[in-house]
Amino acid sequence: MNKFQRYLKMARVLKGYRLKQSKLTYMPIRLWIETTNHCNLRCTMCLNKSDKMGKRGFMAFPLFKKIIDESKGSVHNVNLHHRGEPLMHDELPKMIRYCRDNHIASQIHTNATLLTEKKTYEIINAGLNVISFSVDGYDKKSYESIRIGACYEETLENIRRFLVIRKQIKKSTPYTIVEVIDFFQDEASKKKIIKKFETIKPDKLIIKKAHNWGGGYQPAPGVKASLPNADTRFSCTFPWYALTIFWDGTVVICPQDFLGQSKVGDLKNDTLKDIWNSQIQISYRKKIKKMKYNEITSCRACDRPRRPQFFGIPTSHLGAFLKDNF
């Protein structure tokens, strides 16, 4: 897909969203593909440790191949992660390479605790486009109180080594981001975070507020987080440009549907094209068009459509969205 074709596709997506079309004439431009829902940590803000998660597993490569084969020519990029730790999947480099061979950009979000030297070389050489690391907390104590099961020093060393290896083998990708959820939201903690990563030098450092995973996450006493309010400004954009696929092929309305409460299909039995304009997906678009979030379980208490936005895109994510798609 060349630049002109990408701009044309984005124009069609914008038109579909602005007109709130329920049945769309184009395919999604982005996918969240959950390679696994297993995770090696038990972070305080993450729903992964919930008993409601259901069965655990790893996406089989034939299913992954089916998804990519049905996506090429329409999807711009895929996130090879969702509810779990992607580095736990043995075939992750193979998946990245298959995306690259089909001209689809790929990215992962990882806690970096399993980022060995071997895995570093594998994912860089496979052609990963973007990698983001979650390093919440501003020092050892705060980090390890949030990222239960992780070691602060080891995580930072894994990221540092990754950047050194990328430089040594003269690669400009994957573009490297460090994301820190600012649970404390005070200037002193932010300064400590910035100072720490000035020495490691990722391509970008993002300090962001926590979101509530569709209402599933309730912050502990004393912890600040973004929470929904009564002022719903825009209809959510997700159903007009993206789909989220669990490791077993289950398709849900958006990445905030962590527990799979709003299913729209199953890729083991259906095609991506059929699911994209299925009757249930169309019904969700109609409800979101009228901002009837109370009628959709996973949207009822979600903070995303209640954040400051521009054309339905949270302003905190607008830059990343434009960069990814243009």
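Only heavy atoms go into these numbers, but all of them, side chains included; no hydrogens, no water, no symmetry mates. If you're wondering where the values come from, they're calculated on a predicted model, not measured in any experiment.
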Visitor: Would Lys55 and Asp248 pass as an ion pair if we require N to O under 4.0 Å?
Guide: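 Salt bridge between Lys55 and Asp248, a charged N being under 4.0 Å from a carboxylate O: no.
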Visitor: Do the rings of His81 and His109 sit parallel, tilted or perpendicular, given the 30° and 60° boundaries?
Guide: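 Taking His109 first and then His81, their aromatic rings sit tilted (interplane angle of 30° to 60°).
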Visitor: Have a look at Cys299 and tell me which of Tyr293, Tyr284, Phe238 forms a side-chain contact (heavy atoms from CB on, under 4.5 Å) with it.
Guide: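 Only match with Cys299 under side-chain contact (heavy atoms from CB on, under 4.5 Å): Tyr293.
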Visitor: Taking side chain as C-beta onward, heavy atoms only, is Arg285 less than 4.5 Å from Ser235?
Guide: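 Not in contact.
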Visitor: Can you find a pair of side-chain heavy atoms, one from Leu31 and one from Thr244, that are under 4.5 Å apart?
Guide: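 Sidechains of Thr244 and Leu31: no contact.
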Visitor: Is the shortest heavy-atom distance from the side chain of Val252 to the side chain of Val264 under 4.5 Å?
Guide: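 Val252 vs Val264: side chains apart.
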Visitor: Are Ile206 and Val180 close enough that some pair of their side-chain heavy atoms sits under 4.5 Å apart?
Guide: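 Of all side-chain heavy-atom pairs linking Val180 with Ile206, none is under 4.5 Å.
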Visitor: What about Leu87 and Leu41, same hydrophobic cluster or not, with Ile/Leu/Val/Met/Phe/Trp/Tyr joined at side-chain heavy-atom distances under 4.5 Å?
Guide: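 Different clusters: Leu87 never reaches Leu41 through Ile, Leu, Val, Met, Phe, Trp or Tyr contacts under 4.5 Å.
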Visitor: Side-chain contact test, heavy atoms from C-beta onward, threshold under 4.5 Å: evaluate it for Ile104 versus His76 and give yes or no.
Guide: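 No, every pair of side-chain atoms sits at 4.5 Å or beyond.
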Visitor: Any side-chain heavy-atom pair from Ile253 and Ser298 closer than 4.5 angstrom?
Guide: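 A side-chain contact under 4.5 Å exists here.
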Visitor: Flag the pair Ile67 / Leu267 as yes when at least one side-chain heavy-atom distance between them is below 4.5 Å, and no otherwise.
Guide: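 Yes, their side chains come closer than 4.5 Å.
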Visitor: Show me the donor-acceptor pairs, under 3.5 Å and distance only, between side chains in residues 167-174 and residues at least two apart or in other chains.
Guide:
none

Visitor: Please confirm whether Phe162 and Phe133 have ring centers closer than 6.0 angstrom.
Guide: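 Judged by ring-centre distance (under 6.0 Å), Phe162 and Phe133 do meet the cut-off.
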Visitor: Can you confirm whether more than 12 heavy atoms, excluding those of Asn269, are under 6.0 Å from its CG atom?
Guide: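 More than 12 within 6.0 Å, yes.
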Visitor: When you measure from the centre of the six-membered ring of Tyr17, is the NZ or CZ of Lys20 closer than 6.0 Å and no more than 45° off the axis?
Guide: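 Because its charged atom sits under 6.0 Å from the ring centre and within 45° of the axis, Lys20 does stack over Tyr17.
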Visitor: Just checking Lys287: does its NZ atom have more than 12 heavy atoms from other residues, nucleotides or ligands closer to it than 6.0 angstrom?
Guide: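 For Lys287, atom NZ is crowded (more than 12 foreign heavy atoms under 6.0 Å).
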Visitor: According to a hydrophobic-cluster definition based on side-chain heavy atoms being under 4.5 Å apart (Ile, Leu, Val, Met, Phe, Trp, Tyr only), do Leu163 and Ile131 belong together?
Guide: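 Yes.
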Visitor: Parallel, tilted or perpendicular: which fits the ring planes of Phe61 and Tyr98, with parallel below 30° and perpendicular above 60°?
Guide: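 Ring orientation, 0 to 90° scale: perpendicular.
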Visitor: Test the Arg30-Tyr241 pair against the cation-pi criterion, namely NZ or CZ under 6.0 angstrom from the six-membered ring centroid and within 45° of the ring axis.
Guide: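 No, Arg30 does not sit over the ring of Tyr241.
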Visitor: Side-chain heavy atoms nearer than 4.5 Å, only ILVMFWY residues, links allowed to pass through others: does that put Ile108 and Leu243 together?
Guide: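 Yes, Ile108 connects to Leu243 through the hydrophobic network.
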Visitor: Does this structure show an ion pair linking Glu157 with Arg160, if we count only N-O contacts that are shorter than 4.0 Å?
Guide: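 Yes.
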Visitor: Would you say NZ of Lys66 has more than 12 non-hydrogen atoms from neighbouring residues, nucleotides or ligands within 6.0 angstrom?
Guide: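 Check passes, neighbour count above 12.
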Visitor: As a quick check of understanding, evaluate side-chain contact (heavy atoms from CB on, under 4.5 Å) for Ile245 and Met59, giving each step before the final call.
Guide: CA-CA 10 Å; Ile245 305 161; Met59 180 173 283; 4.1 Å; yes
Visitor: Between Arg166 and Asp203, is there a salt bridge with N-O shorter than 4.0 Å?
Guide: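 Yes, charged N to carboxylate O under 4.0 Å.
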Visitor: Quick one: list whatever passes salt bridge (Lys or Arg N to Asp or Glu O under 4.0 Å) with Glu153, sequence neighbours left out.
Guide: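 Glu153 satisfies salt bridge (Lys or Arg N to Asp or Glu O under 4.0 Å) with Lys140 only.
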Visitor: Under 4.0 Å between a Lys/Arg side-chain N and an Asp/Glu carboxylate O for Arg97 and Asp101?
Guide: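 Salt bridge absent between Arg97 and Asp101.
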Visitor: Would Ser132 and Tyr175 satisfy side-chain hydrogen bond (donor to acceptor under 3.5 Å, both in side chains), going step by step from the backbone distance to the final call?
Guide: CA-CA 8 Å; Ser132 58; Tyr175 185 80; over 6 Å; no
Visitor: Heavy-atom count around Lys263 NZ within 6.0 Å, excluding the residue itself: above 12?
Guide: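 12 or below, so no.
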Visitor: Do Trp240 and Ile280 share a hydrophobic cluster, counting only Ile, Leu, Val, Met, Phe, Trp and Tyr and linking them when any side-chain heavy atoms are less than 4.5 Å apart?
Guide: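 Both belong to a single hydrophobic cluster.
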Visitor: Inspect the surroundings of NZ in Lys290 and state if more than 12 heavy atoms from other residues, nucleotides or ligands are less than 6.0 Å away.
Guide: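 Counting other residues, nucleotides and ligands, NZ of Lys290 stays at 12 neighbours or fewer.
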Visitor: Do Leu114 and Met88 have side-chain heavy atoms sitting under 4.5 Å apart?
Guide: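 Of all side-chain heavy-atom pairs linking Met88 with Leu114, at least one is under 4.5 Å.
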Visitor: Check this for me, if you would: do Lys141 and Asp139 make a salt bridge, where the nitrogen-to-carboxylate-oxygen distance has to be below 4.0 angstrom?
Guide: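 Asp139 and Lys141: not salt-bridged.
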Visitor: Can you spot which of His38, Glu85, Arg56 makes a side-chain contact (heavy atoms from CB on, under 4.5 Å) with Asn48?
Guide: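 Exactly one pass, corresponding to Arg56.
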Visitor: Are Ile194 and Val135 co-members of a hydrophobic cluster defined by side-chain heavy atoms under 4.5 Å apart?
Guide: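 Shared cluster, yes.
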